[in-house]
Amino acid sequence: MSRLEAKKPSLCKSEPLTSDTVRATLSVLKGVLTSCYGPSGRLKQLHNGLGGYVCTTSQSSALLSNLSVTHPALKILTTSVQNHVSCFSDCGLFTAILCCNLIENAQKTDLTPTTVIKLNKHLLSLCTNYLKSEACGCRIPVDFSSTQILLCLVRSILRSKPACMLIRKEVDHISALILRAFLLTIPENTEDHIILGKSIIVPLKGQKVTDSTVLPGILIEMSEVQLMRMLPIKKSSALKVALFCTSLSGDFSDTGEGTLVVSYRMSLENAALDQLLNLGRQLISDHVDLVLCQKVIHPSLKQFLSIHHVIAIDRVGVALMEPLSKVTGTQPIGSIGSISPSSYGIVKELCTAKFGSKHFFHLIPNEATICSLLLCNRNDTAWDELKLTCQTALHVLQLTIKEPWALLGGGCTETHLAAFIRYKARNEPESILTDDGCTQAELQLVAEAFCSALLSLAGSLEHDGGEIVTDIKYGHFWSIQGDCPSVVNWPDLLSRCGCGLYSSQEELSWSFLRSSCHPFAPQSCLPHETVGPDSNLTLDCLTAKLSGLQVAVETANLILDLSYVIEDKN
């Protein structure tokens, strides 16, 4: 027996956040995430040093899944943000950067972690209650009888992802398609509970973005040769469909450890083919017009069905099985034995379509909430980023149905919220504090750290050396170009705030973002033209941002509360 190495004792480190290495790693992580934030964020290329796939992105979902974080405390941060993104799709960078800011600022207060955590919870409650209240000055209602606010919401998501490489005309085109695809997933006849359908994104790379389109139903990609071999169906009534989730290739499933007993001189291949042909005869006698199979169909069965004018399409893949089941109203058939008549479904029409160099079968349903978004972009990298962005936008629209409100974007919610917290902490501390042993002086310190984290997050939107100011009436975010001359008249240098709601031509006063100003109660009256036909607001999803705020604060509290990190080195 070879010599066994003695077991090493676990490595125990106290106060992990006091380590210079951990602080430096947190600072680097924050710098990477901050540099990606917003419409002018810088892109990152993620790749393996040995070669392979290169990912160019600024999205948190792609960044965090490809970044290698080793320290347990930072793994908590990245895992929390990834869990948030998996549930809400949006506001991943917002969550991660705010969490980093809160951790860094808490360490500068010289208060005990217990005190900071208690007060952070109070401030989080103050924020969420305010953002959900009717008095909130940074949220607007979403009216589903008008598309304007919904388009603003989708456009804001597309503009915040520069790796999609879209110009304004393309952003408007894709925004309209995403909204149309979303509306097609809403059933026409709804009761108390709405069950949304699905938008299937079909890739078409190397084409102009404006060639993208949305079609009701499902597109199944086929080769031109396959289309030529299949006879067109000319039928005035609906087409009967059979959908198989099992293989029709005639192969045998794995018997495991069992034994397969075969009679003398019996051919398994011939027996399987006979069974498949019997299945084909049943499909023909049941007047089936279209056979769809998730896996492979035996060539002989295909030819047999084709002779009897039945179209057979195989290898549709597992991803299309659920949409096909909804479109056709059929239950996937899992065996090749006797088929119940109730297993069949119907489609209104089956036709062929060509987009670019690709050919498709187009299944058009009678009434279904399934549509295909044929998505084009110039290259693989831009298409991958655009696909992820479209999925985010579609999910955000679904979340907006549940909670029909949107938050002002462009940094305005963060600066407005910071102004609100500062005012409350200074003038109404008793409304925040409860009987938990914290003093007003401690509240002032933690509230300032919390507001500084929000303002620093808003400041991360500027990447070109510009200056950022906030107005002291609404508490909104305003950006000045870095090459502007010394300030003579503020309205000459500012046009509209970050979200686009207010104009600098109003009678406003401004203060630099990082300068100290007297706390004020930000006004919350929204102008009447907020939802006008020419509105071009920058908006965020209320549900996703509220969750991101909560995840950021709770994760920061969890990391601040770590006293020891115990690692098993064996």
Side-chain angles (χ1 to χ4, degrees), residues 200 216-254 266-353 359-368 370 372:
I200 303 168
I218 294 179
L219 290 174
I220 302 176
E221 186 177 350
M222 306 289 292
S223 69
E224 188 174 5
V225 175
Q226 287 174 301
L227 287 176
M228 294 288 291
R229 289 176 180 171
M230 295 181 181
L231 297 173
I233 294 181
K234 299 295 183 181
K235 194 173 180 182
S236 58
S237 59
L239 307 177
K240 184 179 282 191
V241 181
L243 177 63
F244 288 88
C245 59
T246 188
S247 174
L248 300 181
S249 65
D251 57 352
F252 292 91
S253 59
D254 186 6
M266 180 178 181
S267 171
L268 290 177
E269 291 77 10
N270 290 337
L273 183 56
D274 288 341
Q275 193 173 12
L276 289 175
L277 293 177
N278 288 333
L279 172 66
R281 293 185 186 97
Q282 182 182 353
L283 294 172
I284 292 166
S285 66
D286 290 340
H287 306 289
V288 172
D289 301 298
L290 175 63
V291 175
L292 299 168
C293 183
Q294 174 186 336
K295 300 179 181 179
V296 179
I297 300 178
H298 195 285
S300 298
L301 177 58
K302 272 189 176 180
Q303 185 180 14
F304 180 78
L305 294 172
S306 177
I307 292 172
H308 292 83
H309 308 291
V310 178
I311 287 184
I313 303 174
D314 61 353
R315 294 185 175 92
V316 298
V318 67
L320 284 181
M321 292 304 290
E322 182 185 357
L324 283 170
S325 178
K326 287 185 177 180
V327 163
T328 60
T330 180
Q331 292 296 323
I333 302 167
S335 69
I336 59 175
S338 180
I339 302 174
S340 169
S342 62
S343 299
Y344 299 127
I346 58 171
V347 290
K348 178 182 179 182
E349 187 180 350
L350 174 65
C351 59
T352 60
H359 296 79
F360 300 91
F361 265 124
H362 183 196
L363 274 67
I364 304 173
N366 283 318
E367 291 182 9
I370 304 294
S372 296

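Everything numeric in this text was worked out from a predicted model, so none of it was measured.
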Has the side chain of Ser372 got a donor or acceptor atom that lies under 3.5 Å from a matching backbone atom of Gly217?
yes
Can you give each donor-acceptor pair under 3.5 Å made by side-chain atoms of residues 271-282, sequence neighbours left out, with the distance rounded to 0.1 Å?
from   : atom 1 : to     : atom 2 : distance (Å)
Asn278 : OD1    : Arg281 : NH1    : 2.7
Asn278 : ND2    : Asp274 : O      : 3.2
Gln282 : NE2    : Ile339 : O      : 3.1

Which atom pair, heavy atoms only, marks the closest approach of His308 to Ile284?
CG-CD1, 3.3 Å
SG of Cys245 to CE of Met321, rounded to nearest 0.5 Å, is 5.5 Å
How long is the gap from CG on Leu283 to CZ on Phe304, to the nearest 0.5 Å?
9.5 Å
A side-chain contact here means heavy atoms from C-beta on lying under 4.5 Å apart; do Val291 and Ile311 qualify?
no
Interatomic spacing from CG in Asp314 to CD in Gln294 - rounded to 0.5 Å:
11.5 Å
Side-chain heavy-atom pair Leu290, Ile313 within 4.5 angstrom cut-off
yes
Mind checking the CD-CD1 spacing from Glu322 to Ile200? Nearest 0.5 Å is all I need.
9.5 Å
Derivation of the side-chain contact (heavy atoms from CB on, under 4.5 Å) call for Ile346 and Thr328:
CA-CA 5 Å; Ile346 58 171; Thr328 60; over 6 Å; no
d(Leu301 CG, Ile336 CD1) to nearest 0.5 Å is 9.5 Å
Chi angles and distances behind the side-chain contact (heavy atoms from CB on, under 4.5 Å) call for His362, Thr352
CA-CA 6 Å; His362 183 196; Thr352 60; over 6 Å; no
Check whether any side-chain heavy atom of Val347 sits under 4.5 Å from a side-chain heavy atom of Val327, and report yes or no.
yes
Nearest heavy-atom pair of Ala312 and Ile297: which atoms, and what distance?
CB-CD1, 3.9 Å
When you measure from the side chain of Asp289 to the backbone of Lys240, do you find a donor-acceptor pair of N or O atoms at a distance under 3.5 Å?
yes
Kindly compute the distance separating NE2 (His359) from CD1 (Ile220), expressed to the nearest 0.5 Å.
15.5 Å
Indicate yes or no: at least one non-hydrogen side-chain atom of Ile370 is less than 4.5 angstrom from one of Pro323.
yes
Does the pair Asp286 and Tyr344 meet the rule for a side-chain contact (heavy atoms from CB on, under 4.5 Å), with working shown?
CA-CA 9 Å; Asp286 290 340; Tyr344 299 127; 2.7 Å; yes
Can you see which heavy atom on Lys295 is nearest to which on Thr246, and at what distance?
CD-C, 4.3 Å
Under the side-chain contact (heavy atoms from CB on, under 4.5 Å) criterion, do Leu324 and Leu292 qualify, and how do the steps go?
CA-CA 9 Å; Leu324 283 170; Leu292 299 168; 3.9 Å; yes
Between the main-chain N or O of Ser300 and the side-chain N or O of His298, is there a donor-acceptor pair closer than 3.5 Å?
yes
Considering non-hydrogen atoms only, spot the tightest contact between Phe244 and Ser335 and give its length.
CE2-O, 3.9 Å
Taking every heavy atom of Leu243 against every heavy atom of Ser325, the minimum-distance pair comes out as CD2-N, 3.9 Å
